[in-house]
Amino acid sequence: MRLTIFSYGRRTHLHRPLDLLRRWRTGGLEVDAGLQEVRRGKEVEALVTITRPGELGTIEVGLCCTEYYDKEVIDTDQTATTSRETSTATAYEAWVPVESGAGVQSVRLAVPREAPFSYKGDCLSFKWEIVARGRRPHRLDAQARREISVLP
Amino acid sequence: MSPRVQLQLDRERYAPGDTIRGTILVLEGGGSRSLEALLEYNEKTEDYSEVAMRVTSGSLHSGDLSTGASFEFELTLPQDAFPNYKSEHGELYWQLDVKSEEFGRDTHERCRVDVEPRANGATA
């Protein structure tokens with residue numbers, strides 16, 4: 001079974017299908033950006049709010065860029081028909097550990113000068129997010145995301 | 001017979017807001033209905049391509065093209081133009097397309113245009 005969402009691109013298969021479940025299950029962890037726009041080569045401030053420190057495991061905050069690209073898919077099961085689907089790939093990610101105590105923590109994350117810029121097109125897109133995650137052994141990670149705009 | 005043209009640009013690299021000045025040289029004359037220069041921002045993946053934005057010169061000439069003729073044009077990049085970018089699965093790039101509209105298949109002469117952001121994001 002493949003989960004399908006409708007956001008960037010056409011029929012998009014979730015890059016990490018458990019992410020949706022992780023976000024539903026995330027309580028006590030929030031992330032925000034000091035500024036919603038940042039230029040390549042500059043830094044963005046991530047604000048991580050932890051309200052249930054004991055339940056989140058090891059906490060990290062990261063800057064992630066996802067590439068969405070259309071490709072032709074051949075359905076070999078039936079009549080070899082082709083269809084257009086949007087696939088995803090990680091274009092950039094960098095993670096920084098965060099102290100797991102309650103409160104708001106500020107972390108500065110650098111956007112590399114040679115990284116993609118935010119772009120939403122018809123067959124190719126780049127989406128930037130600040131992501132906070134709590135890694136818990138034998139349980140789904142907690143996860144919170146905030147989209148930002150990276151300017152060229 | 002289809003004409004054969006060559007495209008010459010005034011610079012190798014441009015920034016958002018810059019004006020691209022070019023010359024179209026007719027190397028071999030031929031039948032044409034009209035001649036036009038198009039500046040396009042393209043999205044390309046392995047299987048698909050789309051034109052996200054297009055700036056046109058309008059008609060530069062109407063009628064057949066004679067060998068040795070030349071036509072100058074100017075096209076201005078938008079102030080908020082995105083730069084070129086190549087990723088693992090796709091590419092975003094500016095391209096100049098000189099189109100001779102003809103009876104039958106049109107003739108195209110295309111060349112990529114290197115567009116980079118201005119330092120510190122300043123505008124033109």
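In this text the structure is predicted, and so the values were computed from the model without any measurement. Letters A, B, ... are given to chains in the order of the sequence lines, protein chains preceding strands, and every chain is numbered from 1.
Heavy-atom neighbours of A:E72 CD from other residues, nucleotides or ligands within 6.0 Å: above the threshold of 12. Counting non-hydrogen atoms of neighbouring residues, nucleotides and ligands closer than 6.0 angstrom, the CD atom of A:Q36 exceeds 12 such neighbours. Residue A:E99 places its CD atom among 12 or fewer non-hydrogen atoms of other residues, nucleotides or ligands, all under 6.0 Å distant.
For a residue to count as touching a neighbouring chain, one of its non-hydrogen atoms must lie under 4.5 Å from one of that chain's; by this rule B:E116 does not touch chain A. Using a 4.5 Å cut-off between heavy atoms, A:E67 touches chain B through its side chain atoms alone. Contacts of A:T82 with chain B are absent, with no heavy-atom separation under 4.5 Å from either backbone or side chain. With a 4.5 Å cut-off on non-hydrogen atoms, A:Y69 touches chain B through its backbone and its side chain both. In this structure, chain A has a heavy atom under 4.5 Å from the backbone of B:K44, while its side chain stays farther away.
Options A:A91, A:P152, A:G41 differ in how many heavy-atom pairs under 4.5 Å they form with chain B, and the most are formed by A:P152. Interface summary for chain A: among B:A52, B:S87, B:S49, the most heavy-atom pairs under 4.5 angstrom belong to B:S87.
Nearest heavy-atom pair, B:T56 versus B:L75, reported as atom, atom and distance to 0.1 Å: C-CD2, 3.5 Å.
Between A:K71 and B:D47 there is no salt bridge, since none of the side-chain N atoms of the basic residue sits less than 4.0 Å from a carboxylate O of the acidic one. A:R133 and A:E93 are not joined by a salt bridge, as no carboxylate oxygen comes within less than 4.0 angstrom of a charged side-chain nitrogen.
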